[in-house]
Amino acid sequence: MSQNLQSVRGMNDILPAEAEFWELFEEAVSDRLKSYGYKPIRMPIVEPTPLFKRAIGEVTDIVEKEMYSFEDSLNGEQLTLRPEGTAGCVRAVIQHGLANQVAQRLYYMGPMFRHERPQKGRYRQFHQIGVEAFGFAGPDVDAEQILMIARLWGDLGLDDIRLQLNSLGQPEERARHRADLIAYLEGFQEILDEEAKRRLYTNPLRILDTKNPALQDMCAGAPKLIDYLGEASLAHFNGVQQILKDAGIPFEINPRLVRGLDYYNLTVFEWVTDKLGAQGTVCAGGRYDGLVQQLGGKATPACGFAMGVERLIALIRDSGGEPAPKGTDVYVVHQGETAARLAFRVAEGLRDNGIDVILHCGGGSFKSQMKKADASGALFAVVIGDDEAAAGEVQLKALRDEGVAQQRLKAENLAEVIIDQLLDTQEEEA
Ligand code: HAM
């Protein structure tokens, strides 16, 4: 295949064997979110560029260098493929006045786009399942979201995901801390690396997140945001922790957890695993009480998070929790014109009875059709030749159980016999 007809680097096909598992995963997650009262919302993949600049922040990595932005060639509008879901969700909530009367619990899923350097667990098109709650000011909803995530890990059979928690306080508290932090960091000009120098006056908190070993001592001695939090912020943080303790959810407070998006205040959290190498954060979020107003809506407290679907699926696979794909129930093979007509009737009749059927299409010998029946994973083959068709009969052959003899039966009795045998198999398995 010529080079330019391959998928874009960092944007992957999800082939059928994998996509089937994705569907199961998405269903398990949405069932759990619904059980806590969350309702689905779907937003466009493309949004006006200024939305992301204002929501995520001009000096974040995402906005500075990772957005797929382009000009609409018809009207010159600046557009961007969404790098995350919160901004679009907030825009939709404001635009439709969703949270004006009652608080809202919402979730969405779908592709996000960031122009990052692709590596294991980091893609340019990746998928998130995101959750946002609007209109709740207290620590209860933050904690409830974390409890919901912990329960979800249980549903998915995942352990070994650690919860890290921090509080970013309120903007005024952060501003005082920031001024002191900049003054402190200015004292280390000679050891600051390029990135730290670039961030010194734009995003100094992110410097504390550096992986550079030469800066670790400096970071350890830096003024700590927690010491700048006022009474209300501390009460909120303690409130979240108390509910987690009551529920027996272990957590670690990580004062360096600052997140890469600017809209957060108070609670922030990340769920991290050591099993995926460098890209170990599988779920992350926090509170963003100022964003709705900042984007033009009524002041509305809000809190949310998003999971990385690729990372979670990799984790489930690593821990051996991937279910075997389910084969179909019946594969119908047929040869001859009369047989083909009966085959269609039989297949539709079985489907009327809730049985999954693949009808062989494309002709071929009985032998080659039987090979395909076997490869499909079907439990039964229904075999119809013109001879059977003339008598309104079919052959039923169990493909996975050699102890069951092939039988010839009336086409109208087929569904009942198959259902009986499927029930027998289920009982044996139980
Ligand atoms: P985020 O931390 O940027 O937060 O992304 C959330 C999760 O998406 C990450 O923890 C990771 O699992 C996954 N993720 C991010 N980038 C990539 C990538 N390039 N490849 C694969 N997976 C990736 C947000 O996006 C916020 N909107 C979360 C939020 C919702 N906060 C409040 N509400």
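A quick note: this is a predicted structure, and the numbers were derived from the prediction, not measured. Indexing begins at 1, ligand by ligand and atom by atom, following the structure's order.
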Open item on the list: I need the atoms of ligand 1 closer than 4.0 Å to a non-hydrogen atom of Glu116, numbered in the order shown.
Closed with: 16 (N), 18 (C), 19 (N)

- [ ] For Tyr264, take its heavy atoms, then give the atoms of ligand 1 lying under 4.0 Å from any of them.
- [x] 26 (C), 28 (C), 29 (C), 31 (N), 32 (C)

- [ ] Considering only non-hydrogen protein atoms, determine which one is nearest to atom 30 (C) of ligand 1 and report residue, atom name and distance to 0.1 Å.
- [x] Thr86 OG1, 3.0 Å

TODO: Examine Tyr123 against ligand 1 and note whether any of their N/O atoms are separated by less than 3.5 Å.
DONE: yes

- [ ] Using only heavy-atom distances, determine whether the side chains of Gln242 and Asn238 contain a donor-acceptor pair under 3.5 Å.
- [x] no

Open item on the list: Suppose we measure from atom 9 (C) of ligand 1 to each protein heavy atom; which comes out shortest, and what is that distance?
Closed with: Thr281 O, 4.0 Å

- [ ] With heavy atoms of Arg311 as the reference, note each atom of ligand 1 found under 4.0 Å away.
- [x] 11 (C), 12 (O), 17 (C), 21 (C), 22 (N), 23 (C)

TODO: Look at the side chain of Asn353 and the backbone N and O of Ile355, then say whether any donor-acceptor pair between them is shorter than 3.5 Å.
DONE: no

Open item on the list: Could you tell me, atom by atom, which parts of ligand 1 come under 4.0 Å of a heavy atom of Ala306?
Closed with: 6 (C), 7 (C), 28 (C), 29 (C), 30 (C)

Open item on the list: Please state which option from Glu84, Glu66, Arg114 has its nearest heavy atom closest to atom 3 (O) of ligand 1.
Closed with: Arg114

Open item on the list: Counting non-hydrogen protein atoms only, what is the nearest one to atom 4 (O) of ligand 1? Give residue, atom name and distance.
Closed with: Arg259 NH2, 2.9 Å

Task: Polar atom proximity, Leu261 to ligand 1 (N or O, under 3.5 Å) - done: no

Task: Whether Tyr263 lies under 4.0 Å from ligand 1, heavy atom - done: yes

- [ ] Note the single closest protein heavy atom to atom 5 (O) of ligand 1, along with its residue, its atom name and the distance in Å.
- [x] Gln128 NE2, 3.2 Å

Task: Top protein contact for atom 33 (N) of ligand 1, by heavy-atom distance - done: Glu132 OE1, 2.7 Å

Open item on the list: For atom 21 (C) of ligand 1, what is the closest protein heavy atom, and at what distance to 0.1 Å?
Closed with: Gly121 O, 3.2 Å

- [ ] Heavy-atom contacts with Val282 under 4.0 Å: which atoms of ligand 1 show up? List them by number with element.
- [x] 12 (O)

Open item on the list: Within the 4.0 Å heavy-atom shell around Gly285, which atoms of ligand 1 are there?
Closed with: 31 (N)

Open item on the list: Checking a contact table here: which protein heavy atom is nearest atom 23 (C) of ligand 1, and how many Å away?
Closed with: Phe126 CD1, 3.3 Å

- [ ] Run the numbers for me: atoms of ligand 1, each under 4.0 Å from some heavy atom of Arg122, listed by number.
- [x] 19 (N), 20 (N)

Open item on the list: Can you report which non-hydrogen protein atom sits closest to atom 13 (C) of ligand 1, along with the distance?
Closed with: Gly308 CA, 3.7 Å

